[in-house]
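Below you'll find the structure, written out as structure tokens, and then a few comments.
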Amino acid sequence: MQRLIGLYKKWSGKEPARVEKIPVAGSNRMYYRMTSVEDGTVVGVMGTSREENHAFVYLANHFRKNQLPVPTVLAVDDDELCYLQQDLGTMSLFDAICGGREAGGRYNQKEKQLLVKAVRELPNIQIQGARNLDWSHCYPQPEFDMDSVLFDLNYFKYCFLKSTELDFHELKLEADFRLFAKDLLSEEGGSFMYRDFQARNIMLDGEGNPFFIDFQGGRKGPFYYDLASFLWQASARYSHKLRRELVYEYYQSLQKYTEVPSVRHFVNRLSLFVLFRTLQVLGAYGFRGYFERKQHFMESIPPAINNLREILELDVFPYPYMIDMLKRLAGLPKFTPKEQLRQNRADGYRTADKNVYEAHPEDGPATFSKYDGKGPLEVRVFSFSYRNGIPEDESGNGGGYVFDCRSTHNPGRYEPYKQLTGLDEPVVRFLEDDGEILVFLESVYKLADAHVERYIQRGFTHLMFSFGCTGGQHRSVYCAQHLAEHIHEKYGVEVLIEHREQRIVERLTADSTGKCNYG
């Protein structure tokens, strides 16, 4: 905060008379409204990622040069970790149309006109904004490409689809995913893809004219994506009629800026991106809802499934296996995983139950290992560098898991993070914003949970998990710490954490209740 006040003083010549924190929805950036009598109000921004801040500043300056409706950047700190921007007021499009949203999608004429203004202005920033733009400044990548498409499709598969326990053939689905990705990228996308074009990121002036914010995640890509993202937002509940009208308004406006395909071709391409965006959203809702158990995202799943049903009714997609699977998914009566249902019903998981195998007359008596029934369980979690070898299991089990984190994005490649570890907030933000480590860990959690539960049932005393990366400093430390805390919070067992290369040891003691709760 002092750094931001110092920047304000350098810009204004005096400290602000008042500083007020602005609430944000899900961003790791902090926003403050800073007020003085002489200068009025400006917005101060503090972020943990220099690259992300740089992207916003560069794009904002570029867009202003092209006379686009975005905030003016007033001052930037030397290290680009904070900056000042024009205050666009407090009225967002999201707030202005709340009445229609709360009425289940029944928008009045004033609200509809605000939506029309927003979609008419979208081609301006997409096409005009792309002219002479240096894409290398975009964060975290310069272009919408095959890797980013497949990442989002697999995010849907792992964070939503598998949670439903719907039976599907993974290789057949992967083949259709690749065809789908190829079709999405079949036309060169030379426009600015806003990426997060939503009502919360559109501010309105006194005349209801839109101004755009939070475009720092934008990149080179197809213009269909933003329109699909905006009009098929699950919680907005736009009617078919209103969507058609807004698609028409966008199409007419687009013609002012570039050559456009025929209406039929445009609608067919848009349908592809609506389907893609719907799957992408379900992946996010699955992760935030099923795994993080955030109620807002759980409540967003049914309208997103309704969007999926509607787009599938078009029956125009040449991916037979994927579409068949999605139709089965859209027809499911419930979308909560069995695991969550069991957790909601359970009072807790008691370690006293030793009869973990159901008897059958033909089986004869069960035999047990020398570790059965000893209890209580202690879990040891390590981070390490592969250069120094895998940690040894000193318990005598000779078991456990070793996970290789080197397939995920490495913060250690970037100068700001070289002296930090996976315990430090900037590294945590980097990894979680990138997202690869989250998908990786969800698979780890499923394996770990099953193993811990069975070991508790059988009264085993030791279980070991190890995470390795190149230096044992960033990714492995993050993963080890999060798995250890996950196991301790969920099951209440004793967990020993050792970040070997950092020489950090921490012990999370067992719950005194002797009861291991789910969630």
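Computed from heavy atoms alone, side chains included, the values below leave out hydrogens, waters and symmetry copies. Keep in mind that this is a model prediction, so the values were computed, not measured.
- Summarising the local packing, CG of Asn132 is surrounded by 12 or fewer heavy atoms from other residues, nucleotides or ligands at distances under 6.0 Å.
- Between the side chains of Gln198 and Asp196, at least one donor N or O lies within less than 3.5 Å of an accepting N or O.
- One finds no salt bridge joining Arg429 and Asp424 here, because no Lys/Arg side-chain nitrogen approaches an Asp/Glu carboxylate oxygen to under 4.0 Å.
- Atom CZ of Phe192 and atom CG of Asn124 lie 12.5 Å apart (nearest 0.5 Å).
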Between His265 and Glu187, does a side-chain contact (heavy atoms from CB on, under 4.5 Å) hold up when you go through it step by step? CA-CA 12 Å; His265 181 84; Glu187 291 185 8; 2.3 Å; yes
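- A donor atom on one side chain and an acceptor atom on the other are not found under 3.5 Å apart for Tyr257 and Ser191.
- In this structure, Arg29 satisfies the cation-pi test against Phe56, with its NZ or CZ atom closer than 6.0 Å to the six-membered ring centre and inside 45 degrees of the ring normal.
- Tyr478 and Glu432 form a side-chain donor-acceptor contact under 3.5 Å, judged by distance and modelled atom types alone.
- Side-chain atoms of Asp434 never come within 3.5 Å of backbone atoms of Phe430 as a donor-acceptor pair (strictly under, hydrogens ignored).
- Side-chain contact annotation: Arg64 with Thr72, donor-acceptor N/O pair under 3.5 Å present.
- A salt bridge is defined here as a Lys NZ or Arg NE, NH1 or NH2 lying under 4.0 Å from an Asp or Glu carboxylate O, and Asp176 with Lys172 fails to meet this definition.
- Leu115 places a side-chain heavy atom less than 4.5 Å from the side chain of Leu93.
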Given side-chain contact (heavy atoms from CB on, under 4.5 Å), test Leu326 with Leu312 step by step and report yes or no. CA-CA 8 Å; Leu326 292 176; Leu312 291 175; 3.9 Å; yes
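- Atoms CZ and CZ, from Arg195 and Arg219 in turn, are 4.5 Å apart once rounded to the nearest 0.5 Å.
- For Glu38, the CD atom counts as densely surrounded, since its 6.0 Å shell holds more than 12 non-hydrogen atoms of other residues, nucleotides or ligands.
- The number of heavy atoms from other shown groups lying within 6.0 Å of NZ (Lys10) does not exceed 12.
- By the 4.5 Å heavy-atom criterion applied to side chains, Tyr158 and Ser163 are not counted as neighbours.
- Relative ring orientation between Tyr194 and Phe197 is described as perpendicular, the plane-to-plane angle rising above 60° on a 0-90° scale split at 30° and 60°.
- Residues Phe212 and Met203 form no side-chain contact, since every pair of their non-hydrogen atoms from C-beta on lies 4.5 Å or further apart.
- No side-chain donor from either of Gln113 and Gln109 sits under 3.5 Å from a side-chain acceptor of the other.
- Ring pair Tyr445/His486 is parallel by interplanar angle, where below 30° counts as parallel and above 60° as perpendicular.
- The shortest non-hydrogen separation linking Leu166 to Arg328 is CD1-NH1, 3.8 Å.
- Between Arg3 and Asp79, the closest side-chain pair of non-hydrogen atoms falls below 4.5 Å.
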Could you check Tyr8 against Ser36 for side chain to side chain donor-acceptor pair (under 3.5 Å), going step by step and ending with a plain yes or no? CA-CA 10 Å; Tyr8 182 94; Ser36 70; 2.9 Å; yes
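- For the side-chain hydrogen bond (donor to acceptor under 3.5 Å, both in side chains) with Arg33, the qualifying choice from Asp87, Thr90, Thr41 is Asp87, the only one to do so.
- The distance from the CE atom of Met1 to the NZ atom of Lys21 is 8.0 Å, given to the nearest 0.5 Å.
- For Tyr31 and Glu20, the side-chain atoms include no donor-acceptor pair closer than 3.5 Å.
- The pair Lys446-Glu442 fails the salt-bridge criterion, with no side-chain N (NZ, NE, NH1 or NH2) lying under 4.0 Å from an Asp/Glu carboxylate O.
- At least one test fails for Arg243 against the ring of Tyr238: distance under 6.0 Å to the centre or angle within 45° of the axis.
- Inspection of the Ser271 and Asn268 side chains reveals no N or O donor paired with an N or O acceptor under 3.5 Å.
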Given the rule in the side chain to side chain donor-acceptor pair (under 3.5 Å) test, do Gln280 and Asp152 qualify, once you have shown the distances and angles that lead to the verdict? CA-CA 6 Å; Gln280 184 186 50; Asp152 285 333; 2.6 Å; yes
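- Classification of the Phe160-Phe156 ring pair by plane angle, with boundaries at 30° and 60°, yields parallel.
- The shortest side-chain heavy-atom distance between Asp315 and Lys327 falls under the 4.5 Å cut-off.
- The pair Glu245-Lys241 meets the salt-bridge criterion, with a side-chain N (NZ, NE, NH1 or NH2) lying under 4.0 Å from an Asp/Glu carboxylate O.
- To the nearest 0.5 Å, atoms CZ (Arg237) and CZ (Arg106) are separated by 10.5 Å.
- More than 12 heavy atoms of other residues, nucleotides or ligands shown are found within 6.0 angstrom of CD on Gln255.
- In this structure, Leu161 and Leu282 have side chains that are not in contact, with every pair of non-hydrogen atoms separated by 4.5 Å or more.
- At a cut-off of 3.5 Å, with distance as the only test, a side-chain donor of Ser148 or Asp145 sits close to an acceptor on the other residue.
- Looking only at distances, no side-chain donor or acceptor of Lys9 sits under 3.5 Å from a matching main-chain atom of Glu15.
- Counting only N and O atoms by type, the side chains of His409 and Tyr414 include a donor and acceptor under 3.5 Å apart.
- For the pair Asn307 (side chain) and Trp232 (backbone), a donor-acceptor distance under 3.5 Å is present.
- Ion pairing between Glu415 and Arg50 fails under the 4.0 Å rule for side-chain N and carboxylate O.
- Atom CG in Leu4 sits 11.5 Å away from atom CG in Leu81 (nearest 0.5 Å).
- More than 12 heavy atoms of other residues, nucleotides or ligands sit less than 6.0 Å from atom CD of Glu425.
- Glu207 and Lys117 are not joined by a salt bridge, as no carboxylate oxygen comes within less than 4.0 angstrom of a charged side-chain nitrogen.
- Asn53 and Glu80 form no side-chain donor-acceptor contact under 3.5 Å, judged by distance and modelled atom types alone.
- Classified by interplanar angle (parallel below 30°, tilted 30° to 60°, perpendicular above 60°), the ring pair Phe223/Phe266 is parallel.
- Side-chain atoms of Asp134 and Tyr58 form no donor-acceptor pair, as typed in the model, at a separation below 3.5 Å.
- How far NE2 of His54 is from CD of Glu51: 9.0 Å, rounded to the nearest 0.5 Å.
- In this structure, a donor-acceptor pair under 3.5 Å is present between the side chains of Arg269 and Ser186.
- Side chain to side chain, Tyr225 and Arg277 meet the donor-acceptor criterion of an N or O pair below 3.5 Å.
- For Arg101 and Phe94, the positive end sits near the middle of the six-membered ring, less than 6.0 Å away and at most 45° from its axis.
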